Structure formats: structure tokens, C-alpha cells
Protein chains: 2
Amino acid sequence: MANTNGPTRERIKEEAYLLLQEKGLAGLSMRALADRLHIKAPSLYKHVGDKEEIIADLQARGISEFAAIIQQAGKSKKSKALAYRKWAKENPHLYEVTLRTPLLRSRIPSGLEEGVTHMIIEITGKDHEHARAVWALMHGLVDLEIAGRFPENADLDKTWKRAIELIG
Amino acid sequence: MANTNGPTRERIKEEAYLLLQEKGLAGLSMRALADRLHIKAPSLYKHVGDKEEIIADLQARGISEFAAIIQQAGKSKKSKALAYRKWAKENPHLYEVTLRTPLLRSRIPSGLEEGVTHMIIEITGKDHEHARAVWALMHGLVDLEIAGRFPENADLDKTWKRAIELIG
DNA sequence: TTAATTCTGCTAACACTGTTAGCCTTGAGG
DNA sequence: CCTCAAGGCTAACAGTGTTAGCAGAATTAA
């Protein structure tokens, strides 16, 4: 077999990202990933330790994207909150792997998580406890919405409006 | 083989509940469940349609338990909130299958979910939107706590206190 | 009582999952 | 030119949910 153009670690992780976005976390199998790279699954292990490494990379990517989205949003808490919701709804699979999957702390660049925490505190303008409560509220809303936990006829725009009032 | 004492559907689901509580959702496999009942995995399908039916039953059970816990708690929003947290922390596996797993609506007794929604609205004493925001806040806090998403040194008692103030 | 049928266990198997062992070809460096 | 590592490959293992088909026991019918 021609060895030209073998997939580098970066290439693999990029393709994992695309596969995640297309097929979701359940569709992200080592064999499906290998198929995209036109190699067989065991060959992936020549470039990557295990699947956790790929998941951890996606989590890091999710955290970074998330941070960027929030920072780019308007300055008000309201627009930050709505940006959070919008990003989550547009990237449900990335949201799932990043925020609904146990965080692989030891395999994620240190400082990433702390950076986000710090950012939230800055936005809320108050202390750690308040920031955590705000984050929990946003996360809870998104999580229940993505999971289809609210009834069909629920007016979630209104619900978010109310939630934002709570943290005003 | 003696056919006396074959596991009924109820017996299977009870054992599934115990297995879940002991080993968690990941440990709840058809083979492990069958082992407990001293039969082989394929035999389970003589009593149960598929694994989803078992999961749906556990979700129904989780919802019922949850409703009971909240109702038994003190009347104040604070004690209801703390009861929510306590129950979730004491039954993390049941919480996972009930609230962190896609709800199998079509396989759950109708009215169960609506009953809980109604209950929350009664407690908050306001409208649907407010009730949903409150629920999202509680769920978000529990979800992030169970997932180990808050840093080690976080004072979650304080965080909950703050959260309760938000919905006061 | 005997015959027929249903119930409920079993084994073997299939398609999937992540992962390891071991082999072999290709390309690069001394 | 030879060596050696890089990076493919197949075969395999243990695990998952699930189905097909068989066999014996229990229940029902004649």
C-alpha cells in the first residue's frame, strides 16, 4: 500500500470532529472514523492512544468554541445567554460530548476549564457561587431542551426570557 | 430444568432496579441482569420486549420516586430544592437513567410526566415558564455536580443557597 | 389418560463496540 | 545497499443487544 498521505494525528481528530457533527456521539465509532480516512480501525492506534484521547480533544475543542462564542456575543447578560443557547442548539453533538459527557480533565490542556470559569465570573460580575448558579441555569435549560424534555407546546423563548430575568 | 419459580416480568424489572443501583447504567447489561435471575440473557426476551422496555420502566420509577420525594419534603421552596438535591445525590444512577437519558415517552405511563410538571408549577406558585426555569436551575446544578463538573474546592452548599435565593 | 399446545428455558449465532498481537510493505537515512 | 522505523493490514478477543431454532416442562383439550 502506498504510504503517501497517511493520516496524521491532527487529520484524524479533524475527521472525528466532522463525523461527530454529522452522526453524533453514538455514530462516532473507531471503525466509522477509520472508514473516512480510508484505513482500517486498528491502524488508528498507530496515531492515537485510544478513543478517550479523541473524546478529550473534542471536549477541548468544545470548550474553546464555547468560550469564543460567549466572548463574541454582545456585552449584556441577555445576549450572552442567548448566544449560549444558540450555540448549543446549533451544535448539539459537540455540546453533548463537551458538557454531557464526563470531562476527561487529565487529558485536556490545563487552564482551559479555569479560563471559562473565570470568564463566567467576569460576565456575571459577582462571585463564584453566583456564577455557578447562572451557569447551572443555562446548562439546565439547554440540557432539558436538547433532551426533548420540555413538552412540545412549551414556549421556550418565554422560558429563557424568564430565566434571564432571574439572573438579571 | 425445573421451570418452577421462573422470573416474572415484575421480578426482572425489580432486579434491574437493584442492579442499576449497585452497578450503574453502564453495568446494567442484559447478561448481567440474566445472571442475577439465574437464567441466560436470551431467556429475558421471553418476558420482556427489549432493553428499552426495562429502561422505560426505570424511568417511570425514577419519576415516581422523584415526585414522592418532593411532595414529602417541607413546604418551602428551599426544602423542596434541597430534597431534590439530596435525592439526586443519593440515587445518582437512577437520576442518570431518569433525567440524563432520553425519555422514552411512548413507553411510559401517560400522565406521569405531566403530573410532575403540574406539581412543580404548584410549588413555584407561578406559571409554566417560571416553573421550567426553576426546574432547569435545579437540574443544571445536580447535573453538573454529579458529572463532577464543578472544581474540587467549590462550596456547593453556598452555590445552592445562592440558587435558591434566585428563585425565591 | 392422552394428545396438543403454550411457556420458558437453552445454545449458537450475528452484527456491532473498543482494542491488541503480529505480520508485511514502504520509504528514509547511514 | 542495508537497516529500521512508520504505518498499513488481518485475525482475534471480550464485550454489547438481539434473533433463530430447539427441547422439555406445564397446562389445557379431547
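Basis for what follows: all heavy atoms, side chains included, without hydrogens, waters or symmetry-related copies. Worth saying up front: this structure is predicted, and the values here are computed from it rather than measured. Letters go in sequence order (proteins before strands), and every chain restarts at 1.
Taking atom OH on Tyr45(A) and atom C1' on dA12(D), their separation rounds to 14 Å, with Å as the unit. Rounding to whole angstrom units, NZ of residue Lys40(A) and P of dT19(C) are separated by 19 Å. In this structure, His47(A) atom NE2 and dC9(D) atom C1' are separated by 12 Å, rounded to whole Å. Rounded to an integer number of Å, the gap from CZ of Arg11(A) to P of dG7(D) is 14 Å. Whole-Å rounding puts the Lys46(A) NZ to dG18(C) C1' distance at 16 Å. The separation between Leu37(A) atom CG and dG8(D) atom P is 9 Å, rounded to whole Å. For the pair Leu44(B) CG and dC10(C) C1', the interatomic distance rounds to 13 Å; values are reported in whole Å. Computed from coordinates, the Asp35(A) CG to dC9(D) P distance equals 10 Å when rounded to whole Å.
Under the rule for a ring-ring contact (aromatic ring centres under 6.0 Å, His included), Tyr17(B) has no partner lying at least two apart in sequence or in another chain. Every residue meeting the side-chain contact (heavy atoms from CB on, under 4.5 Å) condition with Pro109(A), not counting sequence neighbours, appears here in chain and number order: Ala60(A), Leu112(A).
Arg85(A) and Leu156(A) get closest at one heavy-atom pair: NH2-CB, 3.5 Å. Nearest heavy-atom pair across Ala83(B) and Ile69(B) is O-CG2, 3.9 Å.
Sorted by first and then second residue, the ring pair (Phe, Tyr, Trp, His ring centres under 6.0 Å) pairs involving residues 97-125 of chain B (not counting sequence neighbours) form an empty list.
Using a 4.0 Å cutoff on non-hydrogen atoms, the parts of residues 19-34 of chain B near DNA chain D are Leu28(B), Ser29(B), Met30(B), Arg31(B), ordered by number.
Closest to the side chain of Ile39(A), from the set dT18(D), dG8(D), dG18(C), is dG8(D).
Between Glu14(A) and Arg11(A), none of the side-chain N atoms (NZ, or NE/NH1/NH2) sits under 4.0 Å from a carboxylate O, so this pair counts as no salt bridge. Between Glu145(B) and Arg149(B) there is no salt bridge, since no side-chain N of the basic residue sits under 4.0 Å from a carboxylate O of the acidic one.
For the pair Ser43(B) and Ala41(A), nearest-nucleotide mapping onto DNA chain C gives the more 5' position to Ser43(B).
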Which dot-bracket notation, 5' to 3', represents the base pairing of DNA chain D when pairs are defined as Watson-Crick or G-U with both distances under 3.5 Å, crossing pairs as [ ], and inter-strand pairs as |? ||||||||||||||||||||||||||||||
Can you give each donor-acceptor pair under 3.5 Å made by side-chain atoms of residues 34-45 of chain B, sequence neighbours left out, with the distance rounded to 0.1 Å?
| from | atom 1 | to | atom 2 | distance (Å) |
| --- | --- | --- | --- | --- |
| Arg36(B) | NH1 | Glu15(B) | OE2 | 2.9 |
| Arg36(B) | NH2 | Glu22(B) | OE1 | 2.6 |
| Arg36(B) | NH2 | Glu22(B) | OE2 | 2.9 |

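Checked against the 6.0 Å centroid criterion, the rings of Tyr95(A) and Phe66(A) do not qualify as a close aromatic pair.
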